[in-house]
Every structure is written in C-alpha cells, then in structure tokens.
Amino acid sequence: MAIKCMTTAKSQGESKLKQEMKRKHRVEFGSSDESMVPENFIWPDEFKARESVPELDVPHIDLQKFVSENENDIEEATRLVDEACRKHGFFVLVNHGVDMELMKNVHECMDEFFSLPLDVKQKAQRKVGENYGYANSFIGRFSSKLPWKETFSLRYAAHHNLPVTHDYVCHHLGPEFSQQGKVYEECGKALSDLSLKIVELLGLSLGVPKEKFKKFFEDNDSIIRLNYYPPCNKPELTLGTGPHCDPTSITILHQDHVSGLQVYVDDQWHSIPPIKDSFVINIGDTFMALTNGVYKSCFHRAVVNCREARKSIVFFLCPADDKVVRAPDEIVDKNPPRKFPDYTWPMLLELTQKFYRSDSNTFKAFTTWLQHKNLATAASSLAPSL
C-alpha cells in the first residue's frame, strides 16, 4: 500500500493557499509586480512559445500485454516502440502496474513542499555543480533565459540498502519531513522497477536479448525530479524548461492534468497532452549512445500558461557510476560503424553540471570535450618528469 503524505492543503483552504503561492512566486521569481516578467526570464524570439500546437502522434504501449508473454502482443509492442524511437524517441505507457495512489501522494507532497517559505526550501538549496536539491529557476547558475519553474531533485540509488532519498530529505529539511522522504523513496523504487521493464522492451525492439539492458541498469543510480511551473501572466515571453535533449538514459514523466510538454519533430513543435494514469517515456542521449544512434534523443521543452500551475514528476534513469556506456557489438554490427566514444555517466554529468547548458547539441559537445580531455590526459602522461 502506498505511503500517504500529510497534506496541509485542506479543501476549504485550497483557494487561499493558491493565492498565497501565487504571491510568493512573484517575489521568488524576481518581481513584486504580477504583470511583469523579469528580463532574465525572457527568451529570444526564436524560442518563443506557442501554447496551441499540433498534437504529436505517439504510440500508447500497454505494458501488461508486453509482459504477458503472448507472442502477438510482444511483436506489436516492440514494433510500435521501434518505429517511435527511430523517429523521435517518445511513447506513452499505459497499464504499467505502478500504483496511481502512490503518484497522487507524491503530488500532495509536492504541493506541501513548493508552498513552503523560500527560506525553508533553501535549506536543501542545490549548489552550482551539484545534482540534487532545491533550485529556483537555476538563479546563480545561469544569468539569462531562465526557466519559469522551481525544482527539487533527489537521488535514487537502486544498489543501496540504505534509503538515500528519504535520508537526504530528512538531513536537509529536518526529521519533520520524514513522511515526505518515505513517499519519494517509494516513488523512486516503483519507477526504477518500471524502468527495468522499459529497457527490456527496448532491448527486444532493438533485436537484442531483453536481459541485456536490464542487467546494465539493475544497479542504477538515478534522479527523481519534482517540477513546479507557476502561472505566468505573459507566458509567451518565457519557458518552463528550455529546449534540450535529456543527457540521461530513459526519462519517465508523470504529468498532472495541465498540458505543457512539447516535442520538436519534423521542423515544428508538437504537444503530448496529459493522459490519466499514464507515463510519457523518452530516450535520452545516454541510451541513444547505447543503441549506436539507432534510437533518437529528441529536442523538447515545457511551456507555461497564465491560468494555473503545472506539476510533473520525472525519473531520469542513469547507469551506475562504474558502468561503461558502450553500444553492444550486435547492434553496431547491424548499424556500423561505432559512432560514439566509450564513457561513464559521471563524465557526461560533469559536462552538463559544470561546463555546458543542455540543448540539442549536448552530446556533440560532450564528444568534442571528451576527446580534448583524453588528449590532455595522454599528453600529461607522456610529459617528462622533473
């Protein structure tokens, strides 16, 4: 049974809470004037958002049919996933087995957390170069094209016997947040388990044994990210999340009822609106490398609106630090030559956290950066000692 979160927003006080959150976020986003969007949140014209865009045609994959071992169902699921991942890397997962009461509890905990005073949230402030903690529009890391959002990022380590997610919350926010930490830990476990079924499906779609990728990710060291996108009076001027490709492996997204996800396909933006009790799945750069570029990591973004806040829960599947990201020989043999250098996930993470803001060229920049780094290492090893 899912752990319940202790909610502070009772039904009779919800409207008052929303008004207070709206006031707080005007201050936290750099303006006391509701009609203003601060200059560092304004994006250039070529990035300007449109809320009304065509809907992307993505397959809806029934996971229970895939795990049923019915050959026809498996063949249909792998065919649809293969087509989608070769084109844009997005599909929707339904009948997935994750307890939706748990996801509801996570959303309730998010409501509690993001309605806290700023100084309380900042006890878990994410520092520049770090991967976990609270971030308010990444102020401090970037000075322009800031995203109109707050985030709370947490580590989930499948290979640890200790509850690292829960312990992080309690250590930074205090023992009174233990219940929230337990909910987030349970969510990480559920989505980690789901991710292993997804990579089995992707393996079969690629024509490799389904255990291939499951074994690679069994000891995953992943990221849970809670996103809160406040309403914006002039949403056409800013973005909730700027255009980027995920540098991670597989992304599992749970949206609330508010639309905001947009994907760039065939030279235009498309939306993937929320579907009740479903997850949106997309391929990241690291899994693209594991497929030797057969499956695509696609450009996407999040837009905001002037009517209501949007929340999303994201699980970024990442390999353990010591796992070498290298496409299996059987995939490369069918799709030669080998297109990407070998690397470990912390190498790519270092680039995106310290040196490069994720966009459509992240992996190309990483390849160049890695080559230069390897050359410098080789040169230093050849240098004569004094």
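Just so you know, residue 1 is the first one in the sequence shown, and it goes up from there.
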Which pairs pass side chain to side chain donor-acceptor pair (under 3.5 Å) with one or both residues in residues 67-78, sequence neighbours excluded? Glu76-Arg79
Among [options], whose side chain to side chain contact (heavy atoms under 4.5 Å, CB included) with [X] holds?
X	options	value
Trp43	Leu237, Leu146, Leu239	Leu239
Phe90	Ile283, Thr251, Asn282	Asn282
Asn227	Arg310, Glu150, Lys149, Gln255	Lys149
Tyr134	Leu118, Leu116, Val120	Leu118

Pairwise side-chain contact, [X] with [Y], heavy-atom cut-off 4.5 Å (strictly under):
X	Y	answer
Leu202	Cys85	yes
Pro346	Asp321	yes
Thr367	Pro341	yes
Lys354	Leu351	no
Leu226	Thr151	no
Phe216	Leu290	yes

Apply ring-ring contact (aromatic ring centres under 6.0 Å, His included) to the pair Tyr264 and His270, showing each step before the final yes or no. CA-CA 6 Å; Tyr264 197 71; His270 298 75; 8.3 Å; no
Going hydrophobic residue to hydrophobic residue with side-chain gaps under 4.5 angstrom, can you get from [X] over to [Y]?
X	Y	answer
Ile275	Val258	no
Val164	Trp345	no
Val208	Val332	no

Please determine whether the number of non-hydrogen atoms from other residues, nucleotides or ligands lying under 6.0 Å from atom [atom1] of [X] exceeds 12.
X	atom1	value
Lys364	NZ	no
Lys323	NZ	yes
Lys339	NZ	yes
Asp342	CG	yes

Donor-acceptor contact below 3.5 Å, side chain [X] vs main chain [Y]:
X	Y	answer
His160	Ala158	no
Ser360	Phe299	no
Arg338	Ala327	yes
Thr238	Lys234	no
Asp246	Thr248	no
Asp256	Lys311	yes
Asn292	Asn335	yes
Trp148	Pro230	yes
Arg225	Ser153	no
His96	Val98	yes

From [X] atom [atom1] to [Y] atom [atom2], the distance as rounded to the nearest 0.5 Å:
X	Y	atom1	atom2	value
Ser249	Phe316	OG	CZ	11.5 Å
Leu261	Ile272	CG	CD1	5.0 Å
Met110	Ser115	CE	OG	11.5 Å
Arg301	Trp269	CZ	CH2	4.5 Å
Thr291	Lys296	OG1	NZ	7.5 Å
Asn131	Arg126	CG	CZ	6.5 Å

Between [X] and [Y], is the ring centre distance below 6.0 Å?
X	Y	result
His60	Phe91	no
Phe287	Phe213	yes
Tyr184	His166	no
His107	His254	yes

Asp119: what forms a side-chain hydrogen bond (donor to acceptor under 3.5 Å, both in side chains) with it, not counting sequence neighbours? none
Distance only, no hydrogens: is a donor on one side chain within 3.5 Å (strictly under) of an acceptor on the other, for [X] and [Y]?
X	Y	answer
Asp82	Tyr295	yes
Asp285	Ser297	yes
His172	Gln125	no
Thr241	Tyr229	yes

Basic-acidic side-chain contact under 4.0 Å: Lys212, Glu330: yes
Charged N to carboxylate O under 4.0 angstrom, Lys189 versus Asp193? yes
For [X] and [Y], work out which heavy atoms get closest and say how close.
X	Y	answer
Val304	Cys232	CG2-CB, 4.0 Å
Ile252	Leu191	CD1-O, 3.6 Å
Cys298	Val265	SG-CG2, 4.2 Å
Leu253	Val314	CD1-CG2, 3.8 Å
Ile224	Phe315	CG1-CD1, 4.1 Å
Ser222	Asn220	OG-OD1, 2.8 Å

Worked verdict on Phe113 versus Phe177 for ring-ring contact (aromatic ring centres under 6.0 Å, His included): CA-CA 9 Å; Phe113 176 78; Phe177 289 88; 7.5 Å; no
Side chain to side chain contact (heavy atoms under 4.5 Å, CB included) between Thr352 and Tyr356: does it pass, once the steps are laid out? CA-CA 5 Å; Thr352 60; Tyr356 193 87; 5.6 Å; no
Test ring-ring contact (aromatic ring centres under 6.0 Å, His included) applied to Phe363 and Tyr343, step by step: CA-CA 12 Å; Phe363 208 79; Tyr343 68 96; 5.7 Å; yes
